K.L.:
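Just passing along the structure, written as structure tokens.
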Amino acid sequence: MSAQSPEEVTQLLLAWNGGDTAALGKLMPLVYDELRKAAKRYLRREPAGHSLQTTALVNEVYLRLIDAKNVRWQDRAHFFAISARLMRRVLVEFARRRRQFKRGGEARQISIEEALAFGQEQSADIVALDDALTELARLNPRQSQVVELRFFGGLTEDEIAVALKVSPRTVRNDWRLARAWLYRELNKGKDDDS
Amino acid sequence: MTPERWEKIGQLCAAALEMTPDERAAFLEQACVGDEELRREIESLIAADARAGDFIAAPVFGNTVGTLAEQHTQSLPGRRLGDYEILAFLGRGGTGEVYLARDPSLERKVALKLLLDDFTCDEARVRRFIQEAKAVSALNHPNIITIYEIGEADGRRYISTEFIEGQTLRRRLASTRLKPPVTLDTTIQIANALDAAHDAGIVHRDIKPENIMTRPDGLLKVLDFGLAKLTAPRTDVSIFDTQASSPSRFKTESGMIMGTVAYMSPEQVRGEEVDQRSDIFSLGVVCYEMIAGRRPFTGETSSHVIVSILDNEPEPLSQYAPEAPDELQRIVGKALRKDREKRYQSAKALLADLKALKQRLQTEIEPESDQDERREITAPAVDRQPARRMADTTGAAGGMGAATRLMLSAERLLHRLNLYKRVAVIAGATLIAVAVAALFYFGRSTALTEKDTVLLSDFVNQTGDEVFDSTLKQALAVQLEQSPFLSFFPEERVRETLRYMGRQPDERVTKELALEICQRQGVKALLAGSIARFDRRYSIILEAINSQTGSNIASAMVEADGKDQTLRALGAAATQLRERLGESLSSIKKFDAPIEQATTSSLEALKSWSHGVEMARSGKGQEAIPFYKHAKELDPNFAKADVSLSVAYINQGQFDLSAEHAARAFALRDRVTEREKFDVAGNYYAIAMGDLLKAIETVEMWKQTYPRDFGPPSRLSSLYRLIGQFDNALAAAREANQINPKAYVPYVVMGTALTQLNRFDEARAIIEQGLQQQLGAATSHRDLYHIALVKGDAAMMKQQVDWPVGKPDEYWAYYWQAQSASFAGRLKQARNFYARAAESADLRHPERAAWFGQEALLRGAACGLCQRVRGVDVPRTLASSRISLQSYVPVAVSRALSLTLCGETVRAQSLADEARGNNPQSTLANSVWLPVIRAAIEIQRGAPDQAIQSLQLAGAYEQAALFWPTYLRGQAHLRRKSGGEALVEFQKIIDHRGWDPTSPLWPLARLGLARAAALTGDPHRSRLAYQDFLGLWKDADPDLPILIEAKQEYEKLKLEP
């Protein structure tokens, strides 16, 4: 893995957000790497397995990858929005791979991927969620973003409001609607429709 | 579905969700007229909303660590990985975890190392590594570990190697130095391994004691060839700019020091290309360490070590190992040449010299056969369990043979004195060491009865015949050593103790000296012997003495007719003594050695200090002070006593005295052992200079060098807490607690850190656990008080407040109540309590009294009470402007902040400038409080943007400043009219009560939130926040300016539509 300096990573992130998809390819292994290390660090510190603060993890990963001081504070919220997007891509990618992975033998490897993400069943859910989110983005990009920031990025409503430059109330409404729609989409055929 | 349609659905849905079901039906009826599809769509969404439950409610990472932790404890043993059956977990290294596994196809045990994923994603690297590892293994060298297989299973890369039942060189070195013959043999084996690998063009790059395994039969195996390539970090480790005038630091990961650099060669450290000569250097370092018992290149921080490697010549071996042959010194010196052109150019060359030396030593020890055949005296039968094998002593193949030969030739030693300075010492001491070593090696697998330790002092030789000078002691050791009840206090530790006593390590151990050593080390008894001559008769007396009382336990006396009979006579005496001694010793009660060793020439001083330490560890810090002082009186150069005083005073809040003692200890740092130096230096950096980062680095180094010491994790826990890194503090405190469950500091730090992390129940549990064992301090009760406040548990609050009453630090009761009163806005009541606290503290703790006074003013200022702030002029003592190490706002900062909040920015600025000048190295000053003060001033002066920038600087250690940075940031955003950002900040405060549970800033944050919400055009939320605030402050003093403002704003808001 070639060493990326913080400046380069920042550039990659911004480029990717600006639409350069090749940048994503370069970023993903780095993020993966850092995600794993960050989770392990938490583990080492808290062996009792206290629940992890998502934003803390995301923060940590990003502060390691980029030179945080150079990101102007006004852009920070924006920045975490980018990171949430990336987190989503990373996880979904992993989930897709995981779905194809056949669990052979009895040994359950203790891999960070497994813990970070989920078992086979959940992989399917994440992929489905991602598909649904993509569809939602077609209908209303902002709602999709709200879900992304909240679920993948772990941001609070207020932070999302700042990132998207809307009021917290709008965020709340978007969330509620989007979630209902997603829930419905993902459970089509499962519930009895009244 | 089109976006437009969705938009419509969305609007209607949002409206519908706000209504009651009845209203809804009617509404939808009307809105969806003519469009059944629309109505169905909306209804199904409403239904979904109702059923969604906690669907994606929590962010995706939320509970994963818990899952992982569970899986971790289930762990691998008992499972399979690929074809291997995993049997047990062996350990964890830098590159991965190692397990004992079984290879069923070949029915053999293997060591299975699972490489960390971090290292296996770079395919190219992995391939190179496999190539190299295979090449090395193909050499099939006895001193290189055999690699069976490298593969991948279940997504994990693994290496399976032969399983070595033995221990690493690191473990062996952890307790003793090694004798020259052993060292020589070890070095030769390693050099052999290197020679073979170098011939194949492979350089190891990471030779260090952790990578060298010793089998019980003495055979050595070098591990981890090629792995160094795999683990070279992405970012360049050796950031050493040859152009720069001073070396730059190693990049640190989350504040921790990099792995050990102590074995790296100069060229490695410089990041240059390395060749086989680098391995030779590393081997030289290992060799040095084996002989001397310490590393040749040391330092307080990694940087110091690097400088040492590049610039310092290591101290001569003779300083630490006087018995080491000069030739060995020369060899090691040549291996450690900084310029690799001047080093041994190959392992072969090194081997040649090593072997030559070994040859020489052997002929000197080994008896010459012809001379002694006639005089053979059989030594007593060796009564040994056949399973016990001994460490190789002469470098020949290990096994019973060598040792037996040596023992039989104990008599021959009598004829071999002048050849070699201390050969008798070596041979005899080695035998003594054997007993201990056997214990050590087989400690886990063989059950040995607990032996009593006895110290052997030097024989008093009154015959005038120097033949007897040291050999009798050795011969005696051999005899007594057979007892299953006895073992001897190791020579190395005798020497070490002598050093602690400020004496020469090779000083003759007289009876008096031996007694003191016993006292210092908790050894029950000492053996003394003497030999005298009357004409042709020799008289040998052996005595065993109770080291505590000085009285005789047992003695034996024999006579010999002629010199050649002395050994036999000694044997008889020893047998007599052994029998009597065995029973008596067990009837003597074990006594406790001083809790820790420290450098001081006076035994009484050591005892006094040690007693103090014991008291301090259990929480009676103040009572310990007289003991420390007494120790200093007895020995003014007792550095550790100064350190202890420094710590004791700072816990009393007496910063000046504390710094004074820290500096005194630091001035004495050249007299103490390396271990103590870490403590002295770390303490100085932290207390006298306030440079917490440097202190942390030093203590981390201490921890690495002496991983079993209690001091480092304990001190680290406090240091991390001071800079606001609560997670690190917690981890360190846990470690410390494990090492010494009877110390109070870990309990206290865990309690506070957990509180600050908002984990109140856990905090309470830990604190109470500690208090149950009498392990706690005022801080424990303070934290319980805080927790009780958070939970609204009045009874528990009262309990804590009752605790200090009647005690010397009674003022805490008033102080804590002052804090909770100010939390609720009852500033008048708070003022009274603060005053009482200050009064109560004034006599004995004036610094604390001043601090209470300032805090009263600061909290008042935060609520708009400025009269007293402006009026009071700073008394001289306050203006000392030391930014001291304490958990709350230091006095000088408090003063500056109060002034700022009350508009007196000029005075505040000058105080801040003074503080900056007087605290040049202080982390808390420069990275925490001064930026906070600056930001407050900037806000006050109408420059909120600048304030935000200033607060950036406090970034990494923000939590050390409680709520202040966040609160000020929120205020700045309010000034800038950025409601959204302000919301985030104030909400953060609300979410982190634990950072400062009694701070009025916490309720005030709700007021901030209310104002911010108003700015963002969310009157509903704003109203709620005002209500919350006013609710929290329902009993507050009605005349508080800020309360009045808030009420007015709220009223206005209520009127708005």
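As a basis for the values below, the full set of heavy atoms in this structure was taken, side chains included, without hydrogen atoms, waters or symmetry mates. Worth saying up front: this structure is predicted, and the values here are computed from it rather than measured. In what follows, chains carry the letters A, B, and so on, assigned in the order in which the sequence lines appear, proteins first and then strands, with residues in each chain numbered from 1.
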K.L.:
Do you know which two heavy atoms are closest between B:Ala48 and A:Ala180, and how far apart they sit?
P.N.:
CB-O, 3.4 Å
K.L.:
Answer with side chain, backbone, both or neither: which region of A:Gln143 has an atom nearer than 4.5 Å to a non-hydrogen atom of chain B?
P.N.:
side chain
K.L.:
Check the surroundings of atom CG in B:Asn758: do more than 12 heavy atoms from other residues, nucleotides or ligands lie under 6.0 Å from it?
P.N.:
yes
K.L.:
Quick one: of B:Leu45, B:Ile9, B:Thr1016, B:Thr2, who has the most non-hydrogen atom pairs under 4.5 Å with chain A?
P.N.:
B:Leu45
K.L.:
Please indicate whether B:Gln738 has more than 12 foreign heavy atoms, meaning atoms of other residues, nucleotides or ligands, lying under 6.0 Å from its CD.
P.N.:
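Result for CD/B:Gln738: open.
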K.L.:
Pair up each side-chain donor or acceptor in residues 983-991 of chain B with any protein partner under 3.5 Å, not counting sequence neighbours, and list the distances.
P.N.:
residue	atom	partner	partner atom	Å
B:Glu985	OE1	B:Arg969	NH1	3.1
B:Gln987	NE2	B:Asp991	OD1	3.2

K.L.:
At a 4.5 Å cut-off on heavy atoms, which part of A:Leu136 comes close to chain B: side chain, backbone, both, or neither?
P.N.:
side chain
K.L.:
Could you check whether any side-chain heavy atom of B:Cys13 comes within less than 4.5 Å of a side-chain heavy atom of A:Leu177, counting everything from C-beta outward?
P.N.:
yes
K.L.:
Using side-chain contact (heavy atoms from CB on, under 4.5 Å), reason through B:Ile56 and A:Trp175 one step at a time and then give a plain yes or no.
P.N.:
CA-CA 11 Å; B:Ile56 65 174; A:Trp175 168 251; 3.9 Å; yes
K.L.:
Restricting to non-hydrogen atoms, name the atom on B:Pro3 and the atom on A:Arg138 that form the minimum distance, rounded to 0.1 Å.
P.N.:
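Heavy-atom minimum between the residues: CG-O, 3.5 Å.
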K.L.:
Flag the pair A:Arg176 and B:Asp49 as a salt bridge only when some basic side-chain nitrogen lies within less than 4.0 angstrom of an acidic carboxylate oxygen.
P.N.:
yes
K.L.:
For the interface with chain A, which of B:Ala52, B:Ala50, B:Gly980 has the highest count of heavy-atom pairs at distances below 4.5 Å?
P.N.:
B:Ala52
K.L.:
Any chance you could measure B:Arg1021, atom CZ, to A:Arg169, atom CZ, to the nearest 0.5 Å?
P.N.:
11.5 Å
K.L.:
Which residues pass the side chain to side chain contact (heavy atoms under 4.5 Å, CB included) test with B:Ala1014, sequence neighbours left out?
P.N.:
B:Ser1022
K.L.:
Heavy-atom distance under 4.5 Å to chain A: side chain of B:Arg5, backbone, both or neither?
P.N.:
neither
K.L.:
Roughly how far, to the nearest 0.5 Å, is the CZ atom of B:Arg51 from the CZ atom of A:Arg184?
P.N.:
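The CZ atom of A:Arg184 sits 11.0 Å away from the CZ atom of B:Arg51.
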K.L.:
Taking side chain as everything from C-beta outward and backbone as N, CA, C, O, which of these in A:Pro168 sits under 4.5 Å from a heavy atom of chain B? Side chain, backbone, both or neither.
P.N.:
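Interface part for A:Pro168: side chain.
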K.L.:
Give, as side chain, backbone, both or neither, the part of B:Glu41 having an atom under 4.5 angstrom from any heavy atom of chain A.
P.N.:
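Contact with chain A: backbone and side chain both.
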K.L.:
Nearest 0.5 angstrom please: B:Asp1018 CG to A:Asp158 CG, how far?
P.N.:
9.0 Å
